[in-house]
Protein chains: 2
Amino acid sequence: MAGSRKPARAEEPNRRADIVRAASRLFAAKGYAATTIRDIAKAVDMQSGSPFYHFKTKHDMLRAVALEGMETIARAVGAAAAQGGTPREVFDRMLLAHLEQLLGEDGRCFAATLLHEGRHLDPEALAELVVQRNRYEALWQEALKQLKRAGEIADDSPVARLFLLGALNWTVQWYRPDGGRSVKQIARQLSTLLLKPKL
Amino acid sequence: MAGSRKPARAEEPNRRADIVRAASRLFAAKGYAATTIRDIAKAVDMQSGSPFYHFKTKHDMLRAVALEGMETIARAVGAAAAQGGTPREVFDRMLLAHLEQLLGEDGRCFAATLLHEGRHLDPEALAELVVQRNRYEALWQEALKQLKRAGEIADDSPVARLFLLGALNWTVQWYRPDGGRSVKQIARQLSTLLLKPKL
DNA sequence: CCTACCGATCGGTAGG
DNA sequence: CCTACCGATCGGTAGG
């Protein structure tokens, strides 16, 4: 509508990445099925047929968004886990990393798409994603195991991991950056809720 | 496909309720936007135009599903909260009631639609739902307050409530009735994870 | 509740 | 990457 021509920062326009980013925003806001190719094209100032020069199908755009979302989170939390320290320090760093990717400016639309639109992926793309997700969740299982060994948490079972990830992933539904609560605060509150008092 | 004519148990066919139930299943499985009126009609053995004899628009079907989902959960958990007992007893009963509605045979498709398709509701229907949701969440806030007062939980802030509801609502994503875990077990594990040991 | 239908829109493509 | 377009499908309706 309001002529939103991009600043076009010289060099490598990388229109493919533009499409993926626009798609992530639209998929997150309206859902995959309700987003049209024309929506995406308009968001990057293209004609309606042009996105197909970069992607074979609409489904391929969804796959690109979902995979990028998963990879980004796994990379950030993996790095946090690899830094070492007490089980509690590791866990707190992982919480913060996960929430920063989920709620941060750049990542939130990728994460929301990943978490909500997975059912529109074909079996092959879904399987690919599940492999990565299992690897990712194993990081958390290990972190819980260390916490339990240190006597800092009441339960380190797979169900506990699912509850933890549920509490984290659900933040996408309610967290608003302008709501006065920082991501760091939120991460700390979850730590407080789950771990034994620090004394 | 496979001629699925209903047994038609004599008396009051109540086709409207049939449509709502079929819609809840389809909305939960494929999403609102990807579900067609023809899908719904076929599921209740009607012709494609006939559902509009019962509902003015597809959107009205979504509203009916979402409202019924919200009301059912609120009623079940409200009853659990009203039964009295120690804060811990009340909380455990509420956990079980919420999970039973969310994961039980009848409720799960209503709940999944409620939790995932809210963005397709128009502002008016959404506002109606938010009013009920706020009332519902206040039940949980009060339960947390009582737990905190009794020294059974580390945090009773609004963020703690959101984490709790996130852990609960996320179960829709992973719980499978045939997975060997009962709903009661799951409820108990969340209680263990969040509350101080019973000693 | 069915028959028959409509206008709009959609994902995708041919050819440049 | 645009122009011009296609076949399919969609939500919804008129009339019975």
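The sequence lines fix the lettering, A, B, ..., with proteins before strands; numbering per chain opens at 1. From a predicted model like this one, the values you see are computed outputs, not experimental measurements.
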Item to check | Separation of atom CE in A/Met61 from atom P in C/dG11, rounded to whole Å | outcome: 9 Å

Item to check | Lys/Arg-Asp/Glu bridge criterion (N-O < 4.0 Å) met for B/Lys30, B/Asp39 | outcome: yes

Checklist entry - Of all heavy-atom pairs between B/Ile37 and B/Ser48, which one has the smallest distance, and what is that distance? => result CG2-O, 3.3 Å

Checklist entry - For the pair made of OH in B/Tyr53 and P in C/dA4, what is the distance, rounded to whole Å? => result 21 Å

Checklist outcome for this item: Separation of D/dC10 atom P from B/Tyr32 atom OH, nearest Å, is 14 Å

Checklist outcome for this item: For C/dG16, the nucleotide meeting Watson-Crick or G-U wobble distances (both under 3.5 Å) is D/dC1

Next on the checklist: Check the phosphate of C/dC1 against B/Gln47, side-chain N and O only, distance under 4.0 Å to OP1 or OP2. Yes or no?
Outcome noted: no

Item to check | Base paired to C/dG11 (Watson-Crick or G-U; both N/O distances under 3.5 angstrom) | outcome: D/dC6

Checklist entry - Quick one: A/Arg15 CZ to D/dC1 C1', roughly how many Å, whole number? => result 9 Å

Next on the checklist: Expressed as a whole number of angstroms, how long is the span from A/Ile37:CD1 to D/dC1:P?
Outcome noted: 15 Å

Checklist outcome for this item: Of C/dC2, D/dC10, D/dG12, the nucleotide closest to the side chain of B/Thr36 is D/dC10

Checklist entry - Hey, do the aromatic rings of B/His116 and A/His116 have their centres closer than 6.0 Å? => result yes

Item to check | For A/Glu152, the option from A/Arg88, A/Lys145, A/Lys196 that meets salt bridge (Lys or Arg N to Asp or Glu O under 4.0 Å) | outcome: A/Arg88

Checklist entry - Closest to the B/Arg38 side chain: D/dG12, C/dG12, C/dC1? => result D/dG12

Item to check | Nearest-angstrom distance from the residue atom CG of B/Asp39 to P of D/dA8 | outcome: 18 Å

Item to check | Rounded distance in Å - NZ (A/Lys30) to C1' (C/dC10) | outcome: 12 Å

Next on the checklist: The side chain of B/Ser50 is closest to which nucleotide in this list: C/dC2, C/dG12, D/dG12?
Outcome noted: C/dC2

Checklist entry - Within this structure, what is the CZ-to-C1' distance between A/Phe52 and D/dT3, rounded to whole angstrom? => result 15 Å

Next on the checklist: Counting only heavy atoms from other residues, nucleotides and ligands, does the tally under 6.0 Å from CD of A/Gln185 exceed 12?
Outcome noted: yes

